[in-house]
Amino acid sequence: MQTFGCQMNVYDSERLLSLLLSEGHRITRNPEEADIIVLNTCSVRERAERRALGRLSDFYRFKQKNPDVMLVVTGCMAQRMGKDLTGMMPYLDMVLGPDQIFQLPAYLQNSKDNSRVAVCSSREDFDSQKIWEQEILPERKTPFTSFAAISRGCNNFCSYCVVPYVRGPERHRPIHQIVREIQLLAESGCKEVSLIGQNVNSYKFEGKDFADLLQMASDQTNIDWIRFVTSHPKDLSEKLIEKIATLPKTCEHIHLPLQSGSDRILKKMNRKYTSQDYLKLVERINERIEDVSLSTDIIVGFPTETREDFERTLDMMKKVEFDSAFMFRYSVREGTKAASFVDDVPEEEKLGRLHILIGLQKEISKKKNLRLLGKTFQVLVDERSRKDKDKWKGKTKSNKTVIVEGNEDVLGKIVTVKINDADSFTLFGTLQE
Ligand code: 5AD
Ligand code: SF4
């Protein structure tokens, strides 16, 4: 199983793995040994699709050696390209969109006697609530942290974005199922859950909203920490800020995609807020939530973006001082509203702007991290440091990565760490008693 893209895709892959394991399949780290190869794909930018297509042609080698190998493409690119994919690559066995991914075990059963190619990306006749029904805990990299989806799809139609087309309309998971999944995770030794949805702030189920869900997850489960992504600025309510500020289990980190600092571009992007609205929201968050950290997504080179528009984005980055940011060059996505605009910012200019933005953010991240020297934080240690095998890696509630010295005992624990060094991306610290 190889996964491209967002946390929702990682979660889908982990759940699919778990489902396949429960049916008697086993995982191999060596693709040459695999009987089934699944590539879970992303369509959000062209580059992600190009990489997935490259990977699929690599996998063809295994199929040539052993024609019995099943080659399965799932996720957003499977949904977007459907039959075109099997047209391009007739050796593919199955193409399943994000809503059909969990039907793979059933298809594997059928494929024993039927023809192999199943292109299934139609949402018709599909009972969307069925996807949640099976209690499948994701098969994860570490047992101490997990994702849990609270919704699927998106209704926002930001003009650049393919997600509403490939992942379909927003559907909310029944609240009791989410709470039950969190409790099952806690019982299995998981310390932290990240609630995921394209826009968690618009969650609604039988009169309950996202703030109510945080309250229920806090009160009714034994999980230690609760994170959530992504928050659309237009839907982040005062009630939710209040919950984050007051519920001890809720992590004080908000991923709040700004996308652009220019009001003209924000309007063209269909984001439904202005830079002033955004600044007011940030002010309120900073006032109310102690030690909060903010991260964001930015797109540079959106159609018609001038140097001045880009300067507005730089201004916003300086004003807000995000702790971290994901920054992208605009990529035309067929079928979206923005695909009808002329992609008029030259590639070189997009790259230049991206470079400036990344440089600025790196400085800001470092400055913010250096302010934390001497402070102590709770850190959930979830794996060994890759660079230094004597050290451990974890995260603070504010989503900062921390490297700490210690023995094996710290793994899977929430420990107290005093910070004594920092760079743009990482804090370094020592264990406190
Ligand atoms: N081009 C570049 N970046 C995009 N994103 C979404 N669509 C595009 C696109 N067409 C970015 C947005 C979003 C993040 C997940 O990906 O910033 O928040
Ligand atoms: Fe895409 Fe906008 Fe939905 Fe995010 S909120 S998934 S950017 S359409």
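Whatever order the structure lists them in is the order used to number ligands and atoms, beginning at 1.
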Which heavy atom of the protein is the closest neighbour of [atom], given with residue, atom name and distance?
atom	answer
atom 7 (N) of ligand 1	Y160 CD1, 3.3 Å
atom 6 (S) of ligand 2	Q198 CG, 3.2 Å
atom 12 (C) of ligand 1	Q259 OE1, 3.4 Å
atom 10 (N) of ligand 1	S331 O, 2.7 Å
atom 5 (S) of ligand 2	N156 ND2, 3.4 Å

Hey, are [Y] and [X] close enough side-chain-wise for a donor-acceptor pair under 3.5 Å?
X	Y	answer
Q2	R55	yes
N199	D235	yes
E305	S260	no

Metal site atom 1 (Fe) of ligand 2: N/O/S of C161 inside 2.8 Å: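 Yes, C161 qualifies, because one of its backbone or side-chain N, O or S atoms lies under 2.8 Å.
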Validate the cation-pi geometry between R15 and F102: distance from NZ or CZ to the six-membered ring centre under 6.0 Å, angle to the ring axis within 45°.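 Judged by the rule (NZ or CZ under 6.0 Å from the ring centre, within 45° of its axis), R15 counts as positioned above F102.
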Is it possible for you to check whether R45 lies under 6.0 Å from the centre of the six-membered ring of F328, through NZ or CZ, and within 45° of that ring's axis? yes
Using a 3.5 Å distance criterion without hydrogens, assess whether the side chain of D93 forms a donor-acceptor pair with backbone atoms of L71. yes
For the side chain of S159 and the backbone of K268, is there at least one donor-acceptor N/O pair under 3.5 Å apart?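 At least one qualifying donor-acceptor pair exists.
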Ignoring hydrogens, just give me the one of H232, R329, M269, R45 whose non-hydrogen atom is nearest atom 16 (O) of ligand 1.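 The option holding the nearest heavy atom is R45.
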Which ligand 1 atoms, with their elements, are less than 4.0 angstrom from a heavy-atom of [X]?
X	value
R333	10 (N)
F328	3 (N), 11 (C), 14 (C), 16 (O), 17 (O)
I299	3 (N), 4 (C), 5 (N), 12 (C), 17 (O)

Nearest-0.5 Å distance that lies between atom CG in N270 and atom CZ in F157: 10.0 Å
Classify the angle between the aromatic ring planes of H172 and Y203 as parallel (below 30°), tilted (30 to 60°) or perpendicular (above 60°). tilted
Where ligand 2 meets C154 - atom numbers and elements under 4.0 angstrom, heavy-atom basis: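 In order of numbering, the contacting atoms are 3 (Fe), 5 (S), 6 (S), 8 (S).
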Atoms in ligand 2 with a heavy atom of F157 nearer than 4.0 Å: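 This gives 8 (S) as the contact atoms.
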So for R271, does at least one of its heavy atoms come nearer than 4.0 angstrom to any atom of ligand 2?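 Per 4.0 Å heavy-atom rule, R271 contacts ligand 2.
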Under-4.0 Å heavy-atom contact with ligand 2, by part of [X] that carries it:
X	result
C158	both
Y160	side chain
P164	side chain

Heavy-atom distances under 4.0 Å are what count here, so tell me which part of V44 touches ligand 1: side chain, backbone, both or neither.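 It is both parts that get close, each with some atom under 4.0 Å.
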For residues P257 and Y278, report the shortest heavy-atom separation together with the two atoms involved.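 Shortest heavy-atom separation between P257 and Y278 comes out as O-CE1, 4.1 Å.
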For residues V345 and Y330, determine if any side-chain heavy atom of one lies less than 4.5 Å from a side-chain heavy atom of the other. no
Ligand 1 N/O within reach of D297 N/O, cut-off under 3.5 Å: yes
